[in-house]
**Q** 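Let me begin by handing over the structure; questions about it come next.
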Amino acid sequence: MREFNEELINFIDASPTPFHAVAWIQKALECRGFIQLAEDETWNLEEDKDYYVTRNDSSIIAFTYPPCDEKGYTIVGAHTDSPHLRLKPNPLTTSAGVKRLGVEPYGGVLLNPWFDRDLALAGRVVYLEGEVRKEALINIDRAIAFIPSLAIHLDREANSSHSINAQNDIIPLIATGEIDIDTFILSQIQADTTGLTLLAHELSFYDLQKGSFVGVNGEFITSARLDNLLSCYVGMNALLETTYPMMLACMDHEEVGSESHVGAGGTFVEETLRRIAGESFTTLMRRSLMVSCDNAHAQHPNFPSKHDAEHAPILNQGVAIKINSNQRYATSARTQGRFLQCARALHVSVQTFVTRSDMGCGSTIGPITSTRLGVETIDVGVPTLGMHSIRELSGISDAYGLYRILVHVGDF
């Protein structure tokens, strides 16, 4: 389990953006013999071979072939994106003698923890080399930016009633001298930027601090982007170790609603399954199971009343089955029963999570994909504290427990 979690931390550290996460997963799959497919080409799938396909380099679907005649696929769904600060197209401003870079919050980001952190920058760049348009991933993995807090002497209400203005207060500072930001970005591709022209970028700031084990006995994992790269990692490892037909779908844009050509609300998963199944698509969907994996809200020890006491996931007590009568989660009694039967056979602990009846409930790719595909679905997740913060916390045993269930749930 320790080795499993160490590699999880390594994966997250190497994946500051969805583009980097997909590139990492792609390399891992190829090392295990998976064959890359292209969406704009004809597929000639061969039995007992494994495949993967990407879209936008930020979403990836991998699968064994063929699906099982009786039970179809076990489809593990997760998402590659996390809340963060996205660099604006024309970001450079000057104030009080320092150069700053304007950012736009992506998703439901918790803003307070972004103050007073060493920030790095990573993502995708589109540029011209001469007259040839090219793309590159960059990762400036050193502290190039900082968002300083306002001293408490200047804001006596900072600990009681201070609110954050996303436009004015969250602006990373980067320098006091002059800087050409386009040249700086292009210099991460090659030292000599002569002949290069920056066209566009999708660049995100991230906390430079790496993931680690925390606690007197090292029983917690703390890292950025546990939500939801943890599930991507667990799903990938289950796919590589399972003996039954499985598909892994790691999708972008979940944190902003999934409504995009690379999100769960788009066509990527459905089109992939239709190309696999042909005229048997409906039959395949009725025989398949989707396990939507997205981190669950663990009960906060300092705020226990924020949970329903009988449905409050605890760290290191097992993966949480997420249930909502209003279909914010797609779990049914049937899919819950199948998942529980597998967990009990393996002696793996599980919990249930139901949001307080007087609080709103988040959602996942589960209901979206279930609606689009017509596939029975269960929503599960590893209990996590600090959700959507710059740094989150999970228990060391929960991800490994989810992995063990996913490896075998197709047998039930």
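Both backbone and side-chain heavy atoms feed into the values below; hydrogens, waters and symmetry mates do not.
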**Q** Which atoms form the tightest heavy-atom contact between Leu385 and Pro301, and what is the distance?
**A**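 Heavy atoms only, the tightest pair is CD1-CD, 4.1 Å.
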**Q** Kindly assign one of parallel, tilted or perpendicular to the pair Phe353 and Tyr329, based on the angle between their ring planes and the thresholds 30° and 60°.
**A** tilted
**Q** Taking the side chain as everything from C-beta on, heavy atoms only, tell me whether Leu239 gets closer than 4.5 Å to Val76.
**A** no
**Q** With distance as the sole test, does Thr222 use its side chain to make a donor-acceptor pair with the main-chain N or O of Glu392 at under 3.5 Å?
**A** yes
**Q** Would you please classify the geometry between the Tyr106 ring and the His84 ring as parallel, tilted or perpendicular, with 30° and 60° separating the classes?
**A**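 Plane angle under 30°, so parallel.
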**Q** Would Ile321 and Asp379 count as a side-chain contact (heavy atoms from CB on, under 4.5 Å) if you check the C-alpha gap in whole Å, the side-chain angles of each, and the deciding distance to 0.1 Å?
**A** CA-CA 6 Å; Ile321 298 174; Asp379 270 293; over 6 Å; no
**Q** Quick check: does any side chain N or O of Arg55 sit under 3.5 Å from a backbone N or O of Ile60, one acting as donor and the other as acceptor?
**A** no
**Q** Pair up each side-chain donor or acceptor in residues 135-148 with any protein partner under 3.5 Å, not counting sequence neighbours, and list the distances.
**A**
unit_1, atom_1, unit_2, atom_2, d
Asn139, OD1, Tyr206, OH, 2.6

**Q** Does Arg334 make a cation-pi contact with Phe339 (under 6.0 Å, within 45 degrees of the axis)?
**A**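 Judged by the rule (NZ or CZ under 6.0 Å from the ring centre, within 45° of its axis), Arg334 is not positioned above Phe339.
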**Q** If only side-chain N and O atoms count, and only distance matters, is there a donor-acceptor pair under 3.5 Å linking Glu30 with Tyr52?
**A** yes
**Q** Give me the atom names and distance for the closest heavy-atom approach of Leu87 to Pro91.
**A** CD1-CB, 3.6 Å
**Q** Are the side chains of Val126 and Glu202 in touch, meaning some heavy atoms are under 4.5 Å apart?
**A**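 With C-beta onward as the side chain, the pair stays apart.
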**Q** Should His253 and Ser258 be marked as a side chain to side chain donor-acceptor pair (under 3.5 Å) after you check the CA-CA gap, both sets of side-chain angles, and the distance that decides it?
**A** CA-CA 5 Å; His253 292 166; Ser258 295; over 6 Å; no
**Q** Distance check, rounded to the nearest 0.5 Å: Ser397 atom OG versus Gln317 atom CD?
**A** 7.5 Å
**Q** Measuring from Tyr127:OH to Asp182:CG, what's the distance to the nearest 0.5 Å?
**A**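 Spacing of OH (Tyr127) from CG (Asp182) equals 14.5 Å.
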**Q** With a 4.0 Å cut-off on N to O distance, would you call Glu104 and Arg86 a salt bridge?
**A**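 No.
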**Q** For the CZ atom on Arg344, are there more than 12 heavy atoms of other groups (residues, nucleotides or ligands in this structure) within a distance under 6.0 Å?
**A**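 Check fails, neighbour count at 12 or below.
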**Q** Is Glu241 salt-bridged to Arg404, going by a charged N under 4.0 Å from an acidic O?
**A**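 Salt bridge flag = no for Arg404 with Glu241.
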**Q** Would Tyr73 and Met290 satisfy side-chain contact (heavy atoms from CB on, under 4.5 Å), going step by step from the backbone distance to the final call?
**A** CA-CA 8 Å; Tyr73 275 125; Met290 180 173 184; over 6 Å; no
**Q** For atom NZ of Lys210, is the number of surrounding heavy atoms from other residues, nucleotides or ligands below 6.0 Å larger than 12?
**A**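 For Lys210, atom NZ is not crowded (no more than 12 foreign heavy atoms under 6.0 Å).
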**Q** Looking at Pro383 and Val319, what are the two nearest heavy atoms and their distance?
**A**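 So the two residues come closest at CD-CA, 4.2 Å.
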**Q** Quick one, Phe115 and Leu150 - any side-chain contact, counting heavy atoms below 4.5 Å?
**A** no
**Q** Do the non-hydrogen side-chain atoms of His307 and His300 ever get within less than 4.5 Å of each other?
**A**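 A side-chain contact under 4.5 Å is absent here.
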**Q** For Thr377, does its backbone N or O pair with a side-chain atom of Thr335 as donor and acceptor, under 3.5 Å?
**A** yes
**Q** If you measure from CG on Leu373 to OG on Ser288, what distance do you get to the nearest 0.5 Å?
**A** 9.0 Å
**Q** Do we see a donor-acceptor contact under 3.5 Å between the side chains of Glu157 and Ser160?
**A** yes
**Q** Using modelled atom types only, decide if a donor and an acceptor are shared between the side chain of His79 and the backbone of Met251 within a distance under 3.5 Å.
**A**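 Between the backbone of Met251 and the side chain of His79 there is no qualifying donor-acceptor contact (under 3.5 Å).
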**Q** Side chain of Asn5, backbone of Ile396: donor and acceptor closer than 3.5 Å?
**A** yes
**Q** So which heavy atom on Val53 is nearest to which on Leu37, and how close?
**A** CG2-O, 3.6 Å
**Q** With heavy-atom distances below 4.5 Å as the criterion, would you say the side chains of Met246 and Ile75 are in contact?
**A** no
**Q** Indicate the atoms forming the closest heavy-atom contact of Val407 with Ala238, along with that distance.
**A** CG2-CA, 3.9 Å
**Q** Answer yes or no: is there an ion pair linking Glu178 with Lys99, defined by an N-O contact shorter than 4.0 Å?
**A**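 Lys99 and Glu178: salt-bridged.
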**Q** Where does the angle between the aromatic ring planes of Phe63 and Tyr65 fall among parallel (under 30°), tilted (30 to 60°) and perpendicular (over 60°)?
**A** perpendicular
**Q** Check this for me, if you would: do Arg356 and Asp308 make a salt bridge, where the nitrogen-to-carboxylate-oxygen distance has to be below 4.0 angstrom?
**A**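 Result for this pair is no, no salt bridge flagged.
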**Q** So, taking the atom named OG1 in Thr80 and the one named CD in Glu254, what distance separates them when rounded to the nearest 0.5 Å?
**A**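 Reported to 0.5 Å precision, the distance equals 10.0 Å.
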**Q** Please determine which of Asp180, Ile179, Leu186 meets the side chain to side chain contact (heavy atoms under 4.5 Å, CB included) test together with Thr183.
**A**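 With Thr183 as partner, Asp180, Ile179, Leu186 yield a single side chain to side chain contact (heavy atoms under 4.5 Å, CB included), made by Asp180.
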**Q** For Arg32 and Ala28, indicate whether the former's side chain and the latter's backbone hold a donor-acceptor pair under 3.5 Å.
**A**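 No, the answer is negative, given that no donor and acceptor are paired below the 3.5 Å cut-off.
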**Q** Check this for me, if you would: do Arg274 and Glu271 make a salt bridge, where the nitrogen-to-carboxylate-oxygen distance has to be below 4.0 angstrom?
**A** no
**Q** Determine yes or no for a side-chain-to-main-chain donor-acceptor pair under 3.5 angstrom, with Thr369 supplying the side chain and Ile365 the backbone.
**A**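 Present.
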**Q** Could you tell me whether the side chain of Trp114 and the main chain of Pro172 form a donor-acceptor pair under 3.5 Å?
**A**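 Looks like no, no N/O pair under 3.5 Å.
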**Q** Assess the residue pair His162 and Asp155 against the criterion (side chain to side chain donor-acceptor pair (under 3.5 Å)); give the C-alpha distance rounded to whole Å, side-chain angles, the decisive distance to 0.1 Å, and a yes or no.
**A** CA-CA 8 Å; His162 178 73; Asp155 182 7; 2.9 Å; yes
**Q** Would you confirm whether Ser82, through its side chain, and Asp227, through its main-chain N or O, come within 3.5 Å as a donor-acceptor pair?
**A**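 At least one qualifying donor-acceptor pair exists.
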**Q** Could you tell me whether the side chain of Leu198 reaches within less than 4.5 Å of the side chain of Val125, counting heavy atoms only?
**A**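 In contact.
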**Q** Do other residues, nucleotides or ligands put more than 12 heavy atoms under 6.0 Å from Asp116 CG?
**A** yes
**Q** Under the criterion side-chain contact (heavy atoms from CB on, under 4.5 Å), I'd like the reasoning laid out for Trp24 against Met236: C-alpha separation, chi angles, the key distance, then a yes or no.
**A** CA-CA 11 Å; Trp24 196 99; Met236 183 198 71; 3.6 Å; yes
**Q** Hey, mind stepping through Tyr51 and Gln36 against side-chain contact (heavy atoms from CB on, under 4.5 Å) and telling me if it holds?
**A** CA-CA 6 Å; Tyr51 300 92; Gln36 184 173 15; over 6 Å; no
**Q** Are Leu406 and Cys293 close enough that some pair of their side-chain heavy atoms sits under 4.5 Å apart?
**A**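 Side chain of Leu406 against side chain of Cys293, heavy atoms only: contact under 4.5 Å found.
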**Q** Give a yes or no on whether the backbone of Gly318 and the side-chain of Gln351 come within a donor-acceptor separation of less than 3.5 Å.
**A**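 Present.
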**Q** First locate atom OG1 of Thr384, then atom CZ of Phe220, and finally report the distance between them rounded to the nearest 0.5 Å.
**A**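 Here the rounded value is 12.5 Å.
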**Q** Heavy atoms only: give me the nearest Glu259-Gly265 pair and the separation to one decimal.
**A** OE2-CA, 4.1 Å
**Q** Looking at side-chain heavy atoms only, is the closest gap between Thr272 and Met247 below 4.5 Å?
**A** yes
**Q** Return the CG to CG distance between Leu8 and Leu229, rounded to the nearest 0.5 Å.
**A** 8.5 Å
**Q** Quick check: Phe4 with Tyr400 (ring centres under 6.0 Å apart)?
**A** yes
